[in-house]
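Taking it in order: structure first as structure tokens, then the write-up.
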Amino acid sequence: MKTSLVTGGCGFIGSHIVDSLVDMGHRVVVIDDLSAPENEEFYYNDKAEYWKKDISKDDCSDHFNSVDWVFHLAARSRIQPTIGNPGECFEVNVVGTQRVLEWSRLNSVSKLVYSSTSSLYGQQNSIPFQPNMPASCLNPYSMSKWMGEQVCKLYFQLYGLESIVLRYFNVYGPREPVKGSYAPVIGLFKRQSQEGRKMTIVGDGTQRRDFTYISDVVDANIKAASASVAHNIYNIGTGKNYSIMEIAKMIDP
């Protein structure tokens, strides 16, 4: 039986990965500090093992013992809040990532999958975005996730710790965050529609985004962990894009 560890495993994406791993017959260990303010609730699987800990402060090393795969999702993950609190953002997303990598190295984890973001492409890169393009970070969140990628690369080059970096494009689906003004746009629109309120559209709504369904993101994580690739970066999206106005009309025609 394989053992997998999921940091941030009580949140939107992490909880779906936990469910998939349990269905695959894995022993699953979850570390989550339950602090994400955008989550109305946190999600649990009765067959997984849970530990409430902060990867940037608490000693989690014992939980990495005999672990085969690590899925690292724990992070400060909304752009606007990290602008107001960059220190916490870098502490969790960079220092926390280094600690997860170190615990993985010391316990001979075979593969780590790191959840990153397409937001690090910024505005200077032209579409379609490619993983070899230079980062153009416009906020502490995207910068911290890019720095986490670099630490993954360093641990592979120095210690041979295999890792796959996945850059997500606007993930949506069941359990998506809907709380607060900084929830992802689809979750925010759904909440506003259910409450009978007008949707908050910034600008003229013609800005376009690639939206990726949660099951595709879960599949990408499992395939990354099981692949024979030692280290690489992949975009996780559909290759199609929709305007914010189109999304609003789909949700509330």
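When a residue number appears, it is its place in the shown sequence, counting from 1.
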Nearest heavy-atom neighbours spanning [X] and [Y]:
X: Met133; Y: Asn125; answer: CB-OD1, 3.5 Å
X: Val94; Y: Ser144; answer: CG2-O, 3.6 Å
X: Met147; Y: Phe90; answer: SD-CE2, 3.6 Å
X: Ile222; Y: Ser20; answer: CG1-OG, 4.0 Å
X: Glu91; Y: Ser56; answer: O-CB, 3.5 Å
X: Pro177; Y: Phe12; answer: CD-CD2, 3.7 Å

Less than 3.5 Å apart, any donor N or O on the side chain of [X] or [Y] sitting next to an acceptor on the other?
X: Thr97; Y: His72; result: yes
X: Ser142; Y: Asn139; result: yes
X: Ser115; Y: Arg167; result: no

How about [X]: does its [atom1] atom have over 12 heavy atoms from other parts shown lying under 6.0 Å from it?
X: Lys153; atom1: NZ; value: no
X: Lys52; atom1: NZ; value: no
X: Asp46; atom1: CG; value: no

Is there a continuous path of hydrophobic side-chain contacts, each under 4.5 Å between heavy atoms, that joins [X] to [Y]?
X: Trp51; Y: Val92; result: no
X: Phe71; Y: Tyr43; result: no
X: Val151; Y: Leu112; result: yes
X: Leu158; Y: Leu101; result: yes
X: Leu73; Y: Phe42; result: yes

So, the side chain of [X] versus the backbone of [Y]: is there a donor-acceptor pair under 3.5 Å, distance only?
X: Glu176; Y: Gly173; result: yes
X: Ser104; Y: Val109; result: no
X: Lys111; Y: Ala224; result: yes

Check: His26 ring centre within less than 6.0 Å of Trp69 ring centre | yes
So, do Tyr172 and Tyr213 have ring centers that fall under 6.0 Å from each other?
-> yes
So, do [X] and [Y] sit near enough that their side-chain heavy atoms are less than 4.5 Å apart?
X: Cys60; Y: Trp103; value: yes
X: Leu34; Y: Cys10; value: yes
X: Phe156; Y: Leu161; value: no
X: Val100; Y: Phe64; value: yes
X: Ser215; Y: His16; value: no
X: Val28; Y: Asn45; value: no
X: Thr7; Y: Asp32; value: no
X: Tyr168; Y: Asn170; value: no

Rounded to the nearest 0.5 Å, what separates atom [atom1] in [X] from atom [atom2] in [Y]?
X: Ser116; Y: Ile236; atom1: OG; atom2: CD1; value: 11.0 Å
X: Leu106; Y: Ser61; atom1: CG; atom2: OG; value: 8.0 Å
X: Asn232; Y: Glu162; atom1: CG; atom2: CD; value: 12.0 Å
X: Ile214; Y: Arg175; atom1: CD1; atom2: CZ; value: 8.5 Å
X: Gln98; Y: Arg105; atom1: CD; atom2: CZ; value: 9.5 Å
X: Ser163; Y: Ile233; atom1: OG; atom2: CD1; value: 9.0 Å

Plane angle bin for Tyr155 and Tyr159 - parallel if under 30°, tilted between 30 and 60°, otherwise perpendicular | tilted
What orientation do Phe129 and Tyr121 show, parallel under 30°, tilted 30 to 60°, or perpendicular over 60°?
-> parallel
Applying side-chain contact (heavy atoms from CB on, under 4.5 Å), run through Phe211 and Phe169 and close with a yes or a no.
-> CA-CA 6 Å; Phe211 295 92; Phe169 285 75; over 6 Å; no
Could you give me the CA-CA distance, side-chain angles and deciding distance for Trp146 and Asn93, then say whether side-chain contact (heavy atoms from CB on, under 4.5 Å) is met?
-> CA-CA 9 Å; Trp146 177 79; Asn93 295 4; over 6 Å; no
side-chain contact (heavy atoms from CB on, under 4.5 Å) evaluation trace for Ser136 with Leu120 | CA-CA 6 Å; Ser136 178; Leu120 58 77; over 6 Å; no
So which of Cys137, Cys89, Pro86 actually passes side-chain contact (heavy atoms from CB on, under 4.5 Å) with Met143?
-> Cys137
For a side-chain contact (heavy atoms from CB on, under 4.5 Å) with Ile31, tell me which candidate from Val6, Ile55, Asp54 qualifies.
-> Ile55
Which is it for Glu102 and Arg99 under the salt bridge (Lys or Arg N to Asp or Glu O under 4.0 Å) test, yes or no, and what are the steps along the way?
-> CA-CA 5 Å; Glu102 180 68 1; Arg99 299 183 87 205; over 6 Å; no
With side-chain contact (heavy atoms from CB on, under 4.5 Å) as the test, would you mind laying out the steps for Gln123 and Leu138 before giving the verdict?
-> CA-CA 8 Å; Gln123 297 176 347; Leu138 302 176; 3.8 Å; yes
